[in-house]
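Read the structure below first, then the notes.
Residue numbers start at 1 and run along the sequence shown. Since the structure is predicted, the reported quantities are computational estimates derived from the model, not experimental observations.
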Amino acid sequence: MKNDRLLRAIWQKPLDTTPIWIMRQAGRYLPEYRAVREQAGSFINLCKTPELACEVSLQPLRRYDLDAAIIFSDILTIPDAMGLGLEFVEGSGPVFAYPLQQEHDISRLALPDPEKLKYVYDAIALVRHELAGKLPLIGFCGSPFTLAAYMIEGQSRNGFPKLIQLLNQSPLLLHKLLEVLAEAVCAHLNAQIEAGVSVAMLFDTWGGMLDTKNYEEFSLHYIRRIREGLAGNYNNEKIPLILFTKGGSKWLSRMSEVCDAAGVDWEISLGVAREQVSRKIALQGNMNPACLLLQPELIEQEVRRILTSYGQGSGHIFNLGHGITPDVPPDHVKVLVDAVHEIGREFHAD
């Protein structure tokens, strides 16, 4: 691979500079993305048309010197393939037409037919072909707990009250759902690896709303099972797993047992996070996306602050602490990427 900085950072091997990619780097802040989104007619059509998904996956790489591509998809593809009827409603985000409302809805839930997710694997194959060995490609999925949150609630709601009610009143039923989802997520990630991704990532978006006991039981336990079933090697290539639990910095030590790199948000300094994981895993993060609305010189100052916080040596992937927002000026992203590479060299000197 011509640029393997991301992989070298994950395995904590020597680097020339700090690598960077950006969560939601293919998204609404780019005018060329908005044009393709309009062409597709809807977000879900964009996801399910491999040629268009490939195009938007590649768009940010044409603008910026990023160190990884990430396949354009959505964390909710699995429940959609299970028949819950995923739609994206303006102003509301993802909405399921058929949420899990009764016990029998969960009891009869089956693993999705892989053919219903083939569009993801086809898009990965197209992107892999276009990359031609230039960069690693990241594949991803939502964690079982995060998928369950949407499937039970029907959409995103503060605190996910129906989910929490099920957790407290019928924990065994929730576990039954999570077991099915863990198997489905593992199969989906392995199929993405077979299609051509070099890195797997789990977005545990809502795990951070749990207390420690419930995080261990209802989120981390199933992530561990996915890790155990994940293809650690494919075609003589080690396949690392990145885990991002939003708001999960208090559990970094435990997270380090189930992944090769942990994404962290801006609520913890990278220096403190590095101490907590004791170099067992790499760290990814952790600029606040709002910083990309600042003037270029302030963006550069924030880059230096974050790089200084992590300190010397490999094991850091620069990223945002959450996805990039639609109001970010594209030119500011170039400032960020160039600053990480330029300033980052100071932290990888021999």
Side-chain angles (χ1 to χ4, degrees), residues 1-26 57 60-61 64-71 131 134-140 197-204 237-246 248-249 252 255-256 258-289 291-292 299 302-324 333 336-348:
M1 193 169 290
K2 295 174 184 175
N3 179 350
D4 64 351
R5 283 177 182 145
L6 176 74
L7 297 172
R8 294 184 69 84
I10 291 173
W11 304 127
Q12 301 186 57
K13 294 182 178 180
L15 281 164
D16 60 332
T17 190
T18 302
I20 176 172
W21 72 277
I22 298 168
M23 289 192 280
R24 293 189 193 146
Q25 65 188 23
S57 298
L61 307 180
Y64 313 118
D65 186 23
L66 294 157
D67 294 297
I70 182 167
I71 191 63
L131 288 176
K134 295 175 186 175
L135 292 171
L137 175 60
I138 301 168
F140 67 91
V197 303
S198 301
V199 179
M201 183 163 177
L202 273 176
F203 285 92
D204 187 32
E237 182 180 8
K238 290 177 71 177
I239 307 296
L241 176 66
I242 302 173
L243 170 60
F244 176 65
T245 296
K246 184 172 178 281
S249 57
L252 278 171
M255 290 166 62
S256 70
V258 300
C259 65
D260 301 294
V264 292
D265 57 30
W266 54 91
E267 295 179 0
I268 185 174
S269 78
L270 284 181
V272 172
R274 193 178 188 183
E275 290 177 4
Q276 288 188 18
V277 300
S278 304
R279 294 187 61 85
K280 287 191 292 185
I281 59 169
L283 292 172
Q284 178 175 281
N286 65 336
M287 179 185 275
N288 188 328
C291 292
L292 284 173
I299 294 173
E302 183 64 6
V303 167
R304 180 172 291 280
R305 186 193 68 78
I306 291 169
L307 290 171
T308 301
S309 177
Y310 182 82
Q312 290 288 326
S314 189
H316 176 213
I317 305 155
F318 202 103
N319 208 314
L320 304 180
H322 202 247
I324 190 169
V333 178
L336 169 66
V337 174
D338 292 348
V340 169
H341 285 153
E342 182 178 347
I343 301 171
R345 295 185 187 281
E346 301 172 22
F347 296 87
H348 297 275

Report the residues that fulfil side chain to side chain donor-acceptor pair (under 3.5 Å) with [X], sequence neighbours left out, ordered by chain and then residue number.
X	result
Ser249	none
Glu275	none
Gln276	none
Glu346	Arg304

Give every residue pair that meets the salt bridge (Lys or Arg N to Asp or Glu O under 4.0 Å) criterion with at least one member in residues 4-21, sequence neighbours excluded.
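Applying salt bridge (Lys or Arg N to Asp or Glu O under 4.0 Å) to every pair that reaches into residues 4-21, excluding sequence neighbours, yields Arg5-Asp16, Arg5-Asp67, Asp16-Arg345.
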Please name all residues satisfying ring-ring contact (aromatic ring centres under 6.0 Å, His included) with [X], sequence neighbours left out, ordered by chain then number.
X	answer
Phe140	Phe203
Tyr64	none
Phe347	none

Identify, with sequence neighbours excluded, every residue that meets salt bridge (Lys or Arg N to Asp or Glu O under 4.0 Å) alongside Glu342.
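Result, salt bridge (Lys or Arg N to Asp or Glu O under 4.0 Å) vs Glu342: none returned.
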Can you list the residues that meet the salt bridge (Lys or Arg N to Asp or Glu O under 4.0 Å) rule with Arg279, with sequence neighbours excluded?
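By the salt bridge (Lys or Arg N to Asp or Glu O under 4.0 Å) rule, Arg279 matches no residue at all.
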Do Phe244 and Gln284 make a side-chain contact, defined as non-hydrogen atoms from C-beta onward lying under 4.5 Å apart?
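In short, these two side chains do not touch, never coming nearer than 4.5 Å.
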Taking only residues two or more places apart in sequence, or in another chain, which ones meet Thr18 in a side-chain contact (heavy atoms from CB on, under 4.5 Å)?
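Only Leu307, His316, Phe318, Val340, His348 meet the side-chain contact (heavy atoms from CB on, under 4.5 Å) criterion with Thr18.
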Non-neighbouring partners of Ala9 that pass side-chain contact (heavy atoms from CB on, under 4.5 Å), sequence neighbours left out
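Partners of Ala9 under the side-chain contact (heavy atoms from CB on, under 4.5 Å) test: Leu15, Pro19, Ser314, Ile317.
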Tell me whether Asn319 contacts the main-chain N or O of Trp21 through its side chain, where contact means a donor paired with an acceptor under 3.5 Å.
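Present.
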Which pair of non-hydrogen atoms, one from Trp266 and one from Pro289, has the smallest distance, and what is that distance?
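Trp266 and Pro289 have their closest heavy atoms at CZ3-CD, 3.4 Å.
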Decide yes or no on side-chain contact (heavy atoms from CB on, under 4.5 Å) for Leu292 and Ile299, but give the supporting numbers first.
CA-CA 6 Å; Leu292 284 173; Ile299 294 173; 4.3 Å; yes
